[in-house]
Structure formats: C-alpha cells, structure tokens
Number of protein chains: 2
Amino acid sequence: MPWHLTSDRPIYTQLIEQIKLKICSGVYPPGSKLPSVRDLAREASVNPNTMQRALAKLEEDGLLYTQRTSGRYVTEDVDMIKKAKNQLAKEHIQNFLTKMAELGFDYDEILSIISSMAKEMKK
Amino acid sequence: MPWHLTSDRPIYTQLIEQIKLKICSGVYPPGSKLPSVRDLAREASVNPNTMQRALAKLEEDGLLYTQRTSGRYVTEDVDMIKKAKNQLAKEHIQNFLTKMAELGFDYDEILSIISSMAKEMKK
DNA sequence: ATTACTGTATTAAGGACTTAATACAATAAT
DNA sequence: ATTATTGTATTAAGTCCTTAATACAGTAAT
C-alpha cells in the first residue's frame with residue numbers, strides 16, 4: 001500500500017491516518033518494528049520532521065511505542081488495535097450516513113444505491 | 001443549517017462544500033438570490049475575502065452567477081444541480097466503500113452494519 | 001442627486017505547515 | 001573501540017491561508 005498525499009490537508013494529518021490504517025488493517029502487525037523515521041520519510045517523500053510529528057501523535061495515542069535507540073514498534077495490545085479499528089469504522093459510517101442524509105437521501109435509498117454500487121466495484 | 005468550520009482544512013474549501021450542499025439540497029433554491037458576500041461572511045464568521053474566494057469558485061463551476069451590482073444568484077439550471085447532487089452522492093459512496101474495504105470489511109459486513117446503524121440513527 | 005449596497009481588488013500582517021540543514025546523545029553492529 | 005543507526009531538537013526560509021483595512025465602480029433605492 002503506497003502513500004497517498006494530497007495538498008488539501010496538512011500532510012502530517014494524512015500520515016497519521018495512513019499509518020493508523022496500516023496498523024488497524026495488519027500491514028504493520030502488533031509488536032512489529034517500523035522502518036526508521038528517515039526511511040519512512042523517504043518512502044512517503046516527506047521531510048523527516050513531518051514524519052516524526054505523525055509518529056509522535058500515534059505514540060501519544062498508544063498505538064506505537066519507542067525503544068530508546070533501537071526503533072519504534074507497534075503496540076502488542078491487540079485489543080487496543082481492535083478498538084481503534086472499530087472506532088474508525090464507526091466514524092466512517094456515521095460520516096457517510098450524515099452526509100447522505102444532508103443531501104436528502106433516506107435510508108432505504110442509501111441501502112439500495114450502496115448494494116448496486118458495491119456490485120459495480122467488485123468488477 | 002448553520003456553518004460548521006474546522007481548522008483542519010482551508011476554510012474556503014469548507015465554504016465551497018457547504019454552499020454547494022445548500023444548493024444541492026434546496027436550502028438555496030434554483031434562481032434564488034444569495035445574501036451578499038459581506039452578509040454571508042458575517043453569518044459564517046469569516047473574512048469577506050475568504051467568502052468571496054469560495055463564491056468565485058462556485059461561479060466558475062456554474063452553480064452561481066453574478067448580476068453586476070444587484071447580487072449573486074443560484075443557477076436556474078435544475079439539471080446541473082441534479083447532476084452535482086448525484087456526483088456528490090457518488091463520491092461519498094465510493095469514498096466510504098473504499099475506506100471500509102481498506103479496513104478489511106467486505107460488502108456483506110458493510111451492508112449489515114450500515115442497516116443496523118441506520119436504525120440506531122433514526123431514534 | 002444623494003445614499004446605500006452590490007461585487008471586486010489591493011496591500012500588509014500574522015499564523016500554520018513544510019522543508020532543509022544541521023546537531024546531539026544513546027545504543028546496536030562491526 | 002569505532003562506526004552506523006536510533007530518536008529527537010533547533011533554526012531559518014518559503015508557501016499558503018486568513019484577516020484587516022481600505023478603496024473603487026456600478027446600480028438600486030430614496
């Protein structure tokens with residue numbers, strides 16, 4: 001999964017989301033070691049300071065921890081990761097339903113549109 | 001519908017989205033006159049320059065037009081508005097399905113979660 | 001005719017984000 | 001022991017966004 005960065009929001013915010021996603025989806029498994037700040041920055045074509053900022057935030061949230069000079073690791077707390085994943089899913093669903101309701105779609109419409117669209121995207 | 005502005009994205013971007021939503025959902029009906037730039041800016045607690053920037057973009061897209069010194073109006077082209085609305089819906093659905101798939105949910109899961117969550121939100 | 005209200009434009013200032021270029025201390029690898 | 005690699009910190013520059021303070025021309029209202 002490559003890095004998708006756009007200029008319409010702060011980069012460090014997008015980095016936080018994408019690293020979090022990699023943790024929640026298992027790309028970075030529990031307990032695994034992350035690439036170094038400099039390597040991650042290179043990967044994402046971003047300044048090390050910016051990557052550092054994102055990592056510090058994820059550490060603050062408890063999804064990562066640092067071992068002084070050996071590197072940074074994903075938490076072994078699989079329950080915390082699971083909760084983070086469910087929280088993300090919940091937010092996506094609520095945002096989506098809210099936006100569709102604002103546009104004037106009711107729940108039956110949403111369900112029928114989404115099931116036909118899901119079939120489209122399977123191809 | 002009040003204005004919801006956050007600091008995590010440029011304000012003018014959020015203004016564009018929210019005015020567009022008001023047009024697509026009928027809060028600002030086709031052909032109706034908008035409040036003046038200064039009034040809209042006051043409403044949203046934003047600088048007139050910033051509001052002007054958002055309005056200019058919507059005008060560029062054809063959803064608004066300006067009559068020299070009398071004010072700004074929503075397009076009478078109801079078909080264009082309808083297309084904009086459907087485009088918005090499509091984007092929301094695609095974004096949603098993509099994000100849920102990235103998290104590891106398959107379509108059946110998504111459908112069952114959403115239908116139960118929709119019932120929750122009805123209350 | 002005068003006044004008030006349109007959209008529009010300009011300039012200056014401040015803030016947040018990003019990059020670049022370093023530097024330092026602690027530890028792993030050799 | 002020396003070297004390379006960790007995370008971390010600092011400073012300066014540049015960009016974009018936002019605000020503030022004006023100003024102007026055209027038109028509607030009086």
Side-chain angles (χ1 to χ4, degrees), chain A residues 2-20 22-23 28-76, chain B residues 2-20 22-23 28-76:
Chain A
W3 300 88
H4 299 298
L5 299 175
T6 62
S7 59
D8 63 337
R9 283 184 312 147
I11 294 178
Y12 82 93
T13 294
Q14 303 177 56
L15 293 176
I16 291 171
E17 293 172 354
Q18 290 176 34
I19 297 170
K20 194 173 184 179
K22 290 183 183 193
I23 294 172
Y28 295 149
S32 65
K33 182 178 180 178
L34 288 183
S36 74
V37 186
R38 293 170 179 80
D39 284 346
L40 281 172
R42 237 186 312 268
E43 263 188 41
S45 302
V46 146
N47 190 279
N49 295 328
T50 307
M51 183 58 75
Q52 165 73 15
R53 185 171 179 179
L55 295 170
K57 167 64 176 162
L58 289 166
E59 194 163 337
E60 191 187 315
D61 292 348
L63 287 174
L64 297 179
Y65 66 93
T66 294
Q67 225 148 25
R68 303 238 168 199
T69 59
S70 97
R72 226 182 295 251
Y73 300 84
V74 178
T75 180
E76 284 100 0
Chain B
W3 299 87
H4 300 299
L5 298 175
T6 63
S7 59
D8 63 338
R9 283 184 310 149
I11 295 179
Y12 83 95
T13 292
Q14 303 178 55
L15 293 175
I16 292 171
E17 291 172 355
Q18 290 175 35
I19 297 170
K20 193 173 183 178
K22 290 183 183 193
I23 294 172
Y28 296 149
S32 65
K33 182 178 179 178
L34 288 184
S36 73
V37 185
R38 292 169 178 83
D39 284 347
L40 282 172
R42 236 186 313 270
E43 263 188 42
S45 303
V46 147
N47 191 279
N49 294 329
T50 307
M51 183 58 74
Q52 165 73 16
R53 184 171 178 178
L55 295 170
K57 167 64 175 162
L58 289 166
E59 194 163 335
E60 190 186 314
D61 293 348
L63 286 174
L64 298 178
Y65 66 93
T66 295
Q67 224 148 24
R68 305 234 167 199
T69 60
S70 94
R72 224 182 296 250
Y73 300 83
V74 177
T75 180
E76 285 100 0

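This one's a predicted model, so the numbers in the text were calculated from it and none came from an experiment. Throughout, a chain's letter reflects where its sequence line sits, starting with A, and its residues are numbered from 1.
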Length of the line joining B:Leu15:CG and D:dT19:C1', which is rounded to integer Å: 14 Å

Which residues share a side chain to side chain contact (heavy atoms under 4.5 Å, CB included) with A:Arg38, sequence neighbours left out: A:Ser36, A:Arg42

Beyond-backbone contact of A:Met51 with A:Ile19, side-chain heavy atoms, under 4.5 angstrom: yes

Whole-Å distance separating the CG atom of A:Leu64 from the C1' atom of D:dG7: 13 Å

Side-chain heavy atoms of B:Leu15 within contact of B:Leu5, under 4.5 Å: yes

Candidates C:dC17, D:dG7, D:dT27 - which lies nearest the side chain of A:Val37: D:dG7

Polar contact flag, side-chain donor to acceptor under 3.5 angstrom, B:Trp3-B:Gln18: no

A:Ser36 side chain near D:dT6 phosphate (N/O to OP1/OP2, under 4.0 Å): yes

Rounded distance (Å) that lies between atom P of C:dT8 and atom CG of B:Leu58: 12 Å

Salt bridge present between B:Glu17 and B:Lys22 (N-O < 4.0 angstrom): no

Sugar-phosphate, base or nothing in reach of B:Arg72, heavy atoms under 4.0 Å: sugar-phosphate

Distance, rounded to the nearest Å, where B:Asp8 contributes CG and C:dA16 contributes P: 15 Å

Atom-pair distance (CZ on A:Arg68; C1' on C:dA26), nearest Å: 9 Å

Considering all heavy atoms, the nearest B:Val74-B:Tyr65 contact: O-CE2, 3.6 Å

A:Arg42 CZ to D:dT5 P, straight-line distance once rounded to whole Å: 10 Å

Rounded interatomic separation in angstrom, taking CD from A:Gln67 and C1' from D:dT8: 17 Å

Atom pair distance, as rounded to whole Å: CG in B:Leu40 and P in C:dC5: 16 Å

For DNA chain C, the residues among residues 46-54 of chain B that have a non-hydrogen atom under 4.0 Å from it: B:Asn49, B:Gln52

Under-3.5 Å donor-acceptor pair between A:Arg38 side chain and C:dT22 base: no

Approximate separation, where rounding is to 0.5 Å, of A:Gln52 CD and A:Asn47 CG: 11.0 Å

